[in-house]
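Here is the structure we will look at.
Throughout, protein chains are lettered first and strands after them, A, B, ... in sequence-line order, and every chain is numbered starting at 1.
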Amino acid sequence: MDTLLFPLEWVVANVMVIWHWIWSAIGLDPAAGITWALSIVGLVITIRAALIPLFVKQINASRAMQVIAPDLKKIQDKYKGKKDQASREAMSRETMELYSKHKTNPFASCLPMLIQAPIFFALFRVLNGLEGNATPGAPTQGIGMLSDTLMEQAQSATLFGAQLSETFLRGASVEGKILSAVLIVAMVATTFLTQHQLTRRNLPASALEGPMAQQQKILMYVLPFIFVISGPNFPVGVLIYWTTTNVWTFGQQWYVIRNNPTPGSDAYRAYQERMAAKAAKKAAHGGTDASTAVIEAEAVDESGPKRSGQRQQPKRKNRGGAKPQQLPAADDLPASDDKDPS
Amino acid sequence: MSIAGKALTGAIRGYQLTISPLTGPRCKYHPTCSHFAIEAIQVHGAFVGTGLAGWRLLRCNPWSNGGVDDVPAKGERLFRITRNNAAMLPDPTPARPI
């Protein structure tokens with residue numbers, strides 16, 4: 001584990017030192033706690049900025065969601081009210097196949113989240129290393145540009161009287177306990193708000209019911225307690241890192257939810273209303289050009305099948321509807337027939 | 001299932017019950033990465049299953065298109081760049097020529 005994390009620890013330490021250098025160059029006291037705290041904030045900025053290309057790619061991939069909205073609606077109508085496992089599975093399969101076919105996907109994908117977890121552990125270890133450096137028995141070695149002298153400086157730096165490596169439980173000073181407590185509250189609050197924003201605003205109504213959603217809701221309220229238990233073990237620096245990350249995530253999510261909401265969600269309704277208001281405003285100004293007219297016509301079309309969605313109940317027709325994938329193959333039949341005998 | 005397989009499956013179930021609901025749905029593929037991992041371990045054992053799950057996680061990135069991607073059956077080619085979709089017929093020739 002140590003050898004696996006070492007390259008990451010090295011990167012984390014170096015990024016922090018670079019930021020520390022930048023803040024010092026601006027005029028902050030190199031030995032002050034705020035400089036080292038801001039270095040951690042800088043670390044968050046660096047990591048999340050490096051992940052922006054992934055984020056942009058994901059946004060672009062979800063752009064075409066609007067185009068396939070009618071097809072998506074068709075699938076949703078087909079499985080309306082069917083809650084058994086097999087139907088859910090079939091619906092999920094069809095939906096995913098549709099996304100894949102149109103090379104669009106509303107989901108963020110798993111890998112980016114997994115990359116961030118080791119960075120967090122690396123920071124945890126670097127900050128714990130600071131503390132290990134301070135205890136007289138076991139001096140640790142510097143990592144990368146984070147030399148022993150810098151480590152000592154970082155260790156003795158205090159933010160509101162608290163050291164960055166202090167935890168609520170092992171902190172010696174009262175200030176450390178107070179700052180830890182404040183940061184734990186901030187961490188819990190930002191985590192909760194980010195969760196709340198994501199689940200309550202940007203999930204379609206269908207995802208807000210069922211056992212999974214129920215569990216999600218329970219966890220969202222249980223999580224603060226988990227943090228209250230685990231938080232006292234986190235060094236002040238880790239708490240700063242976590243809170244800053246949450247703030248960044250919140251802002252990023254806010255942007256996505258505003259401009260690229262998941263179809264069918266609360267945020268999507270708000271988005272459409274905003275777009276309609278915008279179009280109406282444009283029309284009122286006399287600028288009724290062809291493009292807005294087309295957009296409005298599409299919006300009307302979309303509301304049409306919505307109302308008639310109930311009439312699509314007959315099953316026979318739907319069964320037939322599931323096969324169009326094979327239809328092209330049937331169309332090719334004459335051609336392949338010609339070739340087969342020869 | 002071996003002890004290692006059971007331990008891995010338990011860890012993945014733990015993830016599904018606690019961490020996953022908090023991050024919201026995020027996987028691009030149909031059996032989600034975690035479901036894929038459990039199934040892969042069940043079908044191919046802890047070692048190969050973990051490899052398959054790792055390969056799947058690498059493919060679940062912002063540049064992939066997602067879609068339905070099933071665990072390859074035993075004896076089938078394991079690691080492929082395209083998706084392995086049991087629902088999609090690999091060979092489009094019709095069953096009964098007219």
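Counted within 6.0 Å of CD1 on A:Ile52, heavy atoms from surrounding residues, nucleotides or ligands total more than 12; the atom is thus considered enclosed. More than 12 heavy atoms of other shown residues, nucleotides or ligands fall within 6.0 angstrom of atom OH in B:Tyr15. Within 6.0 Å of NE2 on B:His35 lie no more than 12 heavy atoms contributed by other residues, nucleotides or ligands.
By number of non-hydrogen pairs under 4.5 angstrom with chain B, the leading residue of A:Thr104, A:Thr194, A:Val56, A:Asn105 is A:Asn105. Comparing B:Gly67, B:Pro62, B:Ser34 by how many heavy-atom pairs each has under 4.5 Å with chain A, the most go to B:Pro62.
Considering OG of A:Ser100 and OH of B:Tyr29, their distance stands at 8.0 Å, rounded to 0.5 Å. Here the straight-line distance linking atom NZ of A:Lys57 with atom CG of B:Asn61 works out to 9.5 Å at 0.5 Å rounding.
For the 3.5 Å distance criterion, the side chains of A:Glu89 and B:His30 qualify, holding a donor opposite an acceptor.
Minimum heavy-atom separation, A:Met96 to B:Cys27: CE-O, 3.6 Å.
At a threshold of 4.5 Å between non-hydrogen side-chain atoms, the residues B:Lys28 and A:Tyr99 do not count as touching. Within the 4.5 Å cutoff, the side chain of B:Leu57 has heavy atoms near those of the A:Leu114 side chain.
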